[in-house]
Number of protein chains: 2
Amino acid sequence: MDPTLLLAHIRKHVKLDLPEQQLLASSLVEKSVKRKEFVLKQEESCKHIYFVNSGLLRAFHLSPQGKDSTIMFATKEWWITDMYCFVNRLPAMVNIQAVQDCELLSLSKDHLDKVFSEIPRFERYFRILMENAYSREQLRMIQNLSNTAKERYNTFLNKYPDISAHVTQKQIASYLGITPEFLSAIRAEKD
Amino acid sequence: MDPTLLLAHIRKHVKLDLPEQQLLASSLVEKSVKRKEFVLKQEESCKHIYFVNSGLLRAFHLSPQGKDSTIMFATKEWWITDMYCFVNRLPAMVNIQAVQDCELLSLSKDHLDKVFSEIPRFERYFRILMENAYSREQLRMIQNLSNTAKERYNTFLNKYPDISAHVTQKQIASYLGITPEFLSAIRAEKD
DNA sequence: GGGGAAAATTAAGATACCTTAAGAAATACT
DNA sequence: AGTATTTCTTAAGGTATCTTAATTTTCCCC
């Protein structure tokens, strides 16, 4: 169990003393997942949140009609879960699947709540994460509502060059809310 | 300055003792806004977050081409600001305008940070708010990506009946990401 | 309560994006 | 390395949604 990367990430936002770091570390469980493996499947209960040490994951929703919508990608130093279902202890609405082999740190809801109570500064760290996550979603919403597919595609490439390089166009299309065929057409336009 | 409604709202999530309640109350400023008045305009600095005691507000973005996209509505017991710009002390990307006369409680970023430091349980309350806000945006994103405009309209009516009743269809259309003309067509369909 | 502005409706023509299907290219499996 | 599977591309025809504009309805303000 190597919490080095997580502790460094936390350190960017708050200071934890050594006992706090150790308590946190003792709540974490290492989890390796192979490419294509699922960390969470729709309808399952969602009891964990994951910190990505390495690799790349994709969270996506499958509609009753089978439409695949990508909610987010998570790469090194990101946290990922189905937040709505995690927080409210409901069955997942989202699948989380490894795009590449991953090393994760897993934290259960029960442990997280305990860590919040025992380490207020960790709760601050998490509050900041949630502010950022909310802000990011709001920004994405603005762009989805006001921009065309081509503009959204270019924004995505610029904003997440590392992710763009490692996921398929089908997955990018699913993130943008368009079909792979249409993304292909967009790319074919000589800008 | 009447923090009763806010304190009741906080009480649903965490317990504050009397001195904490008083400290919080002393950080708040009452603000009345009339219908159509702006609480925040795009490009202004966004230094406050607002709790709605009564009334109804709309946050929306205007694109360079003048397209109006509604980010959120806020009614009684909601907090509202341009979170991204508030947190990062950047110029606002969002306008916030009163749809009806409002009574607000205003909290500055500096006061909020102070309250976080002095009242850890308030930071917990806020962490929970941010989790919920993030979850809500994620849910909305799923629905925007996977549902048709008509489905989104029906979802909106069911989810926010009180809001639907008080905003124009033009504003609902802007929230759904469609034109008022198309919303009108959707409504005209029998069933 | 009447006049003026904004909102809602309707309709016709335009465009962004989808569906299907087939072939080509890339990637994975043995 | 060779085959199978998945991805990407292309193209034709279809649908959802937009634009414009004119008309009606609602609502706001004096």
Side-chain angles (χ1 to χ4, degrees), chain A residues 33-38 55-56 58 60 62-70 73 95 97-101 143-157 163-191, chain B residues 33-38 55-56 58 60 62-70 73 95 97-101 143-157 163-191:
Chain A
V33 290
K34 290 284 172 200
R35 187 180 140 72
K36 300 205 171 171
E37 211 175 295
F38 282 80
L56 178 56
R58 182 173 77 100
F60 63 100
L62 287 179
S63 76
Q65 301 84 41
K67 180 166 181 188
D68 174 321
S69 303
T70 295
F73 297 102
N95 304 281
Q97 187 182 23
V99 172
Q100 300 178 326
D101 294 355
Q143 290 178 337
N144 272 268
L145 292 176
S146 53
N147 296 342
T148 130
K150 172 154 210 179
E151 291 165 337
R152 281 180 274 147
Y153 176 58
N154 288 324
T155 302
F156 181 80
L157 292 186
I163 293 174
S164 315
H166 295 292
V167 300
T168 65
Q169 284 169 217
K170 194 179 172 185
Q171 290 167 341
I172 296 178
S174 152
Y175 181 89
L176 298 175
I178 61 178
T179 59
E181 293 83 357
F182 187 55
L183 177 54
S184 195
I186 285 173
R187 284 160 49 86
E189 292 174 29
K190 32 199 159 299
D191 75 326
Chain B
V33 291
K34 290 284 173 199
R35 189 181 139 72
K36 299 205 171 172
E37 211 175 296
F38 282 81
L56 178 56
R58 182 173 78 101
F60 62 101
L62 286 179
S63 77
Q65 301 83 41
K67 181 166 180 189
D68 174 320
S69 302
T70 295
F73 298 101
N95 304 281
Q97 186 181 23
V99 172
Q100 300 178 325
D101 294 355
Q143 289 178 336
N144 272 269
L145 293 176
S146 53
N147 295 342
T148 131
K150 173 152 209 178
E151 290 165 338
R152 282 180 275 147
Y153 176 58
N154 288 325
T155 302
F156 181 80
L157 293 186
I163 293 175
S164 316
H166 295 293
V167 299
T168 65
Q169 283 169 218
K170 194 179 173 184
Q171 291 166 340
I172 295 178
S174 153
Y175 181 89
L176 298 176
I178 61 177
T179 57
E181 293 83 357
F182 187 54
L183 177 54
S184 195
I186 286 172
R187 285 160 47 86
E189 292 173 30
K190 40 205 156 294
D191 90 318

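Letters go in sequence order (proteins before strands), and every chain restarts at 1.
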Between [options], which one does the side chain of [X] approach most closely?
X	options	answer
A:Gln169	C:dA8, D:dT17, D:dC8	D:dC8
B:Lys170	C:dA7, D:dT10, D:dT17	C:dA7
A:Thr168	C:dT20, D:dT17, D:dT7	D:dT7
B:Ile178	D:dT19, C:dA16, D:dT17	D:dT17

Least distance between heavy atoms, [X] atom then [Y] atom:
X	Y	answer
A:Val99	A:His166	CG1-O, 3.7 Å
A:Asn144	A:Leu176	OD1-O, 4.0 Å
B:Val33	B:Ala98	CG2-CB, 3.9 Å
B:Leu183	B:Gln169	CD2-O, 3.3 Å

Five pairs at each end of the helix from C:dG1-D:dC30 to C:dT30-D:dA1: take the axis at both ends and give me the angle between them to 10°.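 Taking five pairs per end, the axes differ by 70°.
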Counting any heavy atom closer than 4.0 Å, what does A:Thr179 reach on the DNA or RNA strands: base, sugar-phosphate only, or nothing?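 The answer is base, as A:Thr179 lies within the cut-off (heavy atoms under 4.0 Å) of a base atom.
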Test side-chain contact (heavy atoms from CB on, under 4.5 Å) applied to B:Phe60 and B:Gln171, step by step: CA-CA 9 Å; B:Phe60 62 101; B:Gln171 291 166 340; over 6 Å; no
Rounded to whole angstrom units, what separation is found between the NZ atom of A:Lys67 and the P atom of C:dC18?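 So the NZ-P distance, A:Lys67 to C:dC18, works out to 7 Å.
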Pair B:Val167, B:Arg58 - check side-chain contact (heavy atoms from CB on, under 4.5 Å), show working. CA-CA 9 Å; B:Val167 299; B:Arg58 182 173 78 101; over 6 Å; no
Closest-nucleotide 5' rank along DNA chain D - winner of B:Gly177 and B:Arg35: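 Upstream on the strand: B:Gly177.
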